[in-house]
Structures are given as C-alpha cells and as structure tokens.
2 protein chains.
Amino acid sequence: MAAQQPKRPTMNDVARDADVSLKTVSRVVNRMTTVDPAMTDRVLVSIRRLGYRRNDVAATLRTGTETRTIGLITADLQNAFYTPIAAAIASAARARDFHLITASSEESPDLEKATVLDLFQRRVSGLVIVPSGDNHRYLRTEVKMGTPVVFVDRPGGGLRADAVLLDNAGGAAAAVDELLAAGHTRIAVLLDSLEIYTMRERHAGVQVALERAGVALDPALVGHRLHTPDDAAAAVATMLDLRRPPTAVLCGNNRSLIGAVDQVWRRRSDVAVVGFDDFETSRLLPMPVRIVNYDAAELGRIAAERAFARLDGDTSAARTILLPTELVSRGGFAR
Amino acid sequence: MAAQQPKRPTMNDVARDADVSLKTVSRVVNRMTTVDPAMTDRVLVSIRRLGYRRNDVAATLRTGTETRTIGLITADLQNAFYTPIAAAIASAARARDFHLITASSEESPDLEKATVLDLFQRRVSGLVIVPSGDNHRYLRTEVKMGTPVVFVDRPGGGLRADAVLLDNAGGAAAAVDELLAAGHTRIAVLLDSLEIYTMRERHAGVQVALERAGVALDPALVGHRLHTPDDAAAAVATMLDLRRPPTAVLCGNNRSLIGAVDQVWRRRSDVAVVGFDDFETSRLLPMPVRIVNYDAAELGRIAAERAFARLDGDTSAARTILLPTELVSRGGFAR
DNA sequence: TTGAAAGCGCTAACAG
DNA sequence: CTGTTAGCGCTTTCAA
C-alpha cells in the first residue's frame, strides 16, 4: 500500500517533473501569457499528473494582504432572520471571488470579541458584524490597519464604522399612525427585552407617534420581556380580559405576532393586529394582519457593498444607512 | 497625518521592541511555559503597545497542515432548510476552535466543483457538501491527500465518502402505511422534480408501501414538477375535481404542503393531508396535518462529527448514516 | 532557558 | 521568454 498521507505536490515538484523552473510553473498557474506554449503544455501535463493545486495560504502570505475572505458574525446563526443577510453577503462575496466565514456570538459580547480577534488573526479582508456588545473600541487598532468593519442590524459602540440599520422607529411610528387613523386609541404593545437595540427603537417609535397624536400609552397595555409566542399569547390574554381592553395590538417581533394572533383568533376577537418582521409562511395566518416589512437581504447587500467599497479605497467618513420599512397586509388565509 | 495604511507589526517588530529574540516572542505568543517571567512581561508589554496579533496565515504555512477551517457547501444558502445544518456544523467547529466557510452551489454541479476546488486551494481542513451533481470523482485526489469529505442530505457519486442522509423512503412509506391503516386507498402524491434525490426516495417509499398493501397508484393522482405552493394548489384543485377524487394527499415537501392545505381548507374538504419537512410556523396551519419530521440539526451535527473523526485519524470504511423520521401532528390552529 | 539559522510554498524583483 | 535569488511571518531544528 502507498503511504498513509501522500504529501501534496508543490510547485517545486511540478517544476522538477516538467523540467522547468519554479517561476515558469508559477507563471502557468497564474495564467501569465508570457510563456512558451510548448512549455505551458509540459507544465499543465505535470500539474494534472501530480494532481497539483496551488496553496493559497502560501500565495497569500507572500503577497501580504488579501485573504479574499469576509468574516460575518451574527448574534445567532440559528435565527432565520440572519439567513437572507448571510446569503446576500455570500452572494456579493462570490461575485468578487471572495469567501465568507460565518460565526455566531450567541449574543455574548465576550464571545463576539474573541471571535473577532480570531478572525483578524486569520487576516480576513473585511468584517461584517451584528454586534452583541456596545463597546467596540477594541476594534480601533484593526480598523486603523485597514481592515474594514461594517455593523449591520444594530449599531456598534465607540467606533467610527459604517452601519446598515433598519428604520425601526419609523416603522413603528407608521404602524401606530395607521392604527390611530383607523380610530384606535387603546393600543397594546408587545416587546421583548429593552436591552435589544431594535426593541428600544421600536418602543421609541411608538411613543413618538402616540405623543404626536396626544394619546397616552396605558402601562397596562405594554408587555415587556416577551420572548416566546407563548409569553406573548399570555400577555394578550391578560390584556383582553381587562375592564378596558385594547382594540389593537402592536407586536415588536414575529414571535410575539404569532402569540398574539393565536389568542386573538382563538377568541374570534376583532382586535387589530400589527407586527414586525415578516416571515415566509405569514400568508398562512388565519386572520388578516398588517406587518412592518423590509428587505432583509438588502441589509446584507448594502453591508457587503460598504465593506468592498472600503476595501477598494473609499476613505470617506463612516456612514449609517437606514433602510426603509413598509406596511404590508398578510394572512386572512382561513377566511 | 500618519501613513494611510500603518503596517501590521510582525513578530520581528515585537522582538526588536522588547529586545529579545524572535523565538522568545514566538514562545510567549504560543504560551510555552519555558520562558523567564521577566522576559515574558517585556514581550507582553511590547505586544500590547504595538498592537501585535499573530498572523495565522504564516503560522499555518509553516506547520504545513491545518487551517482549522471547515468548508460547507449547500445547494442554496437562502433555503431555511440548511440553516439548522449550518448552525450545527458551526457550533461543532467552534467547540474545536475551528471556523466555518459557507458557500452555495446554487444547485449547479459546475459551480459546486469550482467552489470545492477553491476551498481546497485554501486548504480547508475538511469539507461538508450537500451535493448538486452526481459525479464527485474529481474529489478523489483531495480525499487521498487526507482532507475528509462528508456528504449531507444527498449522497455523492463515484466517491467513497461518509454520507449523512434522511430515511426519506422509510418516512414516506410510514406516512402511506398510516393512511392505508385509516382506510385510505386513493392517495394523491405531490412531487417536485424527480431529478432531486429526496424526491426520488420519497416517491420510491410511497410505491413500496402501496405495493406491499396491494394498492395501485393512480397516475392521475401523481403530480410532478410542482415547485411552488401555487403549483401544488393547482394540482390539488384538479385532482379534487376528478370523478374519483383522492381521499388523502401526500406532499413531497413543505412548499407543496402549503399549497395543498390552501386548496383543501379553502374547500373545507375532509381530505387528509400529510407532508414532508416541518417548518417553524406549522402550528399556524388552519387544519390538522401529519408531517414526516426529522432533526435537521442532527444532520449537521453528525456530518461534523464524521469530518472531525476523520481528521482525528479514523480510517475505517466510509459509511452512510441514515437518520430516522417520525410522523408528528401539526396545525389545527383555526379550529 | 534562549537564540541563530533554515525553510514552509509561494510571488516579486531582477537578470539573463 | 525564462531562470535565479530573496523573502512574506512564522515555527522548527539544533546549538549555546
């Protein structure tokens, strides 16, 4: 039997086999045109025979810079919300012959920092981050070395870097405006933890719209820390049993939307339901709902575009890009 | 102003700054214990002052092997089906201080091959592939060099490599058995293209179960190339209008399930609906359905486990692992 | 315990 | 058009 682990052939092996110099092989491998066709053929034959494949690690080391790799750190790889973002970045990377390394911070600032530093050690060409922490000063050195960093979905802290965010406050305000226009004044709000940036923004948007209309937000109609659909359903149940129940419910994310729809539909209540974050099967919802929608893939696309622009030498001031939201109708499937 | 792109400090820079030898810095960076504490301190101070971070590209080159990177090629990064698989592999990678490069073949064998070769040039330590093509002979050389390849969800072709698959045929047969036991004999089947491995397997499972029971499959009740929910809905509509309509529908994937439920519920028909591939919001389906379910994350977990086992020196024969499926009840939300 | 020298596989610079 | 030499930043001998 042959050796357990046949060594990978190197450029030197090919050169010896084809009886040409190392540099000639390098020229052929890199498709430089200035090589005699006969020699080129000899080299190609040797390459094929030995099963040679260039070692990009060595090439990268010599040329110094580019690993042609973008690192993406999301808060939770499991979460389907990040799928279109990652897909869009991967697609943009492909188009420039880059690859994508994906990692997750699991919402832990410490893990995020460790992962970021690890990716820098691997000399990623650029980094796109859905930040978990709010202190990114530790990135300053790296950014100064010329590696672009782009924040997506949430802003970073203590670092001038591009950020691509959703207009969460604007979307929430628009939803409330629509409810107010339809005559609702008792509007319930279902929120997850206010430590999450998007929740704070959406909450703020609600408050702004209500204040503008001179309508007070009843604290009894605000649910906090609703993490699962069941949490939301329970909160809605309680609210519907109040002496003065809400006539509309605004859901801060799609999990609370599912819980709210469950309760409202079960009771055949005519409470209006508005939610954030559309999902693939929202058409299956049994009752009509309005959803604050946006183009998640666009978040990734623009983040990648920013990263590549920086790689291409754009040294303009860091900018924050706010993506618009729009109210759409979903559900009513069971009617 | 300073230079545009401050050069990254190297180990040599640190050595000079701390007035020690290169090797001493290397020892400190790699946490070798055999270094004088005083020197260690001097080195650490210099490292911090210069903002030094080891270049893993160079380290990898010298040690020859391991980039501590797993490549994952799926058929379609957009598809939520692959999200739990990717997350599970990323998680397993993390646990061993590996990273994950994700790429998509977009169901194109050519793109798959190009991507695979590219990843090998980058010297990934292992590769997990959801294959699009059926000829993976081109991988033989690489596998011989010791880079493990694991197929997931679909088998590869022409290459002895580990594969982690679902028991598609068994799941389909179990679903049909249940319908037969409930007295159904006119069972419709909704399929996407039979070029897709999972469709062929599921189709075969249906045939086996029906033959076993001596029940004929009416060609009029088999829908092919149903790609979208609307395709499936249209096919179901046609079948329900037949002189002898089906009493049950078996859906080959979740898109056809959605289309079938749409039609059946809309008509308030009492046709039984069974589907493949559970999804997050299946609890919202207005009518009760049975779904052939499985643990998608487990696919990724086992694939990663196989890859790492091979990296750890497991040279046993390639094996194909079949993951079980189970019938679960979903929906009925609107009742 | 520390250091000098060699070299991983490749590309850049410069001759021939 | 082709080859020689040097060296990317690190780890690995092997001496001191």
Side-chain angles (χ1 to χ4, degrees), chain A residues 5-44 46-47 50-68 118 120-125 145-146, chain B residues 5-44 46-47 50-68 118 120-125 145-146:
Chain A
Q5 297 273 96
K7 220 171 115 351
R8 273 178 201 282
T10 71
M11 230 175 222
N12 257 313
D13 297 330
V14 175
R16 206 172 310 120
D17 189 85
D19 195 31
V20 299
S21 83
L22 175 63
K23 184 61 205 176
T24 302
V25 179
S26 172
R27 288 201 177 94
V28 172
V29 167
N30 292 299
R31 294 185 169 68
M32 316 233 123
T33 46
T34 59
V35 182
D36 182 90
M39 278 196 142
T40 303
D41 280 353
R42 245 161 61 215
V43 171
L44 288 177
S46 293
I47 284 177
L50 300 180
Y52 170 77
R53 204 97 63 197
R54 185 180 69 181
N55 184 337
D56 279 350
V57 174
T60 294
L61 175 61
R62 179 62 240 230
T63 49
T65 44
E66 298 301 289
T67 51
R68 305 189 79 74
D118 193 346
F120 275 118
Q121 289 203 174
R122 285 163 185 259
R123 297 293 188 265
V124 291
S125 305
M145 304 287 187
Chain B
Q5 298 272 97
K7 220 170 120 339
R8 273 177 201 284
T10 71
M11 230 175 223
N12 256 313
D13 297 330
V14 175
R16 206 171 309 119
D17 189 84
D19 194 32
V20 298
S21 84
L22 175 63
K23 181 61 205 178
T24 301
V25 179
S26 172
R27 288 202 178 95
V28 172
V29 167
N30 292 299
R31 294 184 169 67
M32 316 233 125
T33 46
T34 60
V35 182
D36 183 89
M39 278 194 143
T40 304
D41 280 353
R42 245 160 63 213
V43 171
L44 288 177
S46 293
I47 285 178
L50 300 180
Y52 171 76
R53 205 94 65 196
R54 184 179 70 183
N55 183 337
D56 280 351
V57 174
T60 294
L61 175 60
R62 179 63 240 232
T63 50
T65 45
E66 298 301 290
T67 51
R68 305 189 79 74
D118 193 346
F120 273 119
Q121 288 203 171
R122 285 166 184 256
R123 296 293 188 266
V124 291
S125 304
M145 305 287 186

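For clarity, every value in this text was computed on a predicted model and none was experimentally measured. So you know, we letter chains A, B, ... as the sequences are listed, proteins then strands, and number each from 1.
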With sequence neighbours excluded, residues passing side chain to side chain donor-acceptor pair (under 3.5 Å) with A/Thr63
none
Sequence-distant partners of A/Asp19, side chain to side chain contact (heavy atoms under 4.5 Å, CB included), two or more places apart
A/Arg42
Specify the closest pair of heavy atoms between A/Phe120 and B/Arg8, including all atoms of both residues, with the distance to one decimal.
CD2-NH2, 4.3 Å
Looking at five pairs on each end of the helix from C/dT1-D/dA16 to C/dG16-D/dC1, what is the angle between the two axes, given to 10 degrees?
30°
Contacts of B/Thr67 that satisfy side chain to side chain contact (heavy atoms under 4.5 Å, CB included) - sequence neighbours left out:
A/Val57, B/Thr60, B/Thr69, B/Arg123, B/Ser125
With sequence neighbours excluded, residues passing salt bridge (Lys or Arg N to Asp or Glu O under 4.0 Å) with A/Arg68
none
Which residues share a side chain to side chain donor-acceptor pair (under 3.5 Å) with B/Asn55, sequence neighbours left out
none
Among all residues two or more places apart in sequence or in another chain, which pass the side chain to side chain contact (heavy atoms under 4.5 Å, CB included) test with A/Ser46?
A/Val14, A/Asp17, A/Ala18, A/Arg49
Taken in chain and number order and not counting sequence neighbours, the residues that satisfy salt bridge (Lys or Arg N to Asp or Glu O under 4.0 Å) with A/Arg16 are A/Asp13
For each nucleotide in nucleotides 8-16 of chain D, reading 5' to 3', give B when a protein heavy atom comes within less than 4.0 Å of its base, S when such contact involves only the sugar-phosphate, and - otherwise.
BBBBB----
Could I get the full list of salt bridge (Lys or Arg N to Asp or Glu O under 4.0 Å) partners for B/Arg53, not counting sequence neighbours?
A/Glu142
Start and end of the DNA chain C segment that chain A contacts, any atom under 4.0 Å from a heavy atom
C/dG9 to C/dA13
Any salt bridge (Lys or Arg N to Asp or Glu O under 4.0 Å) involving residues 27-36 of chain B? Give me the pairs, sequence neighbours left out, ordered by first then second residue.
none
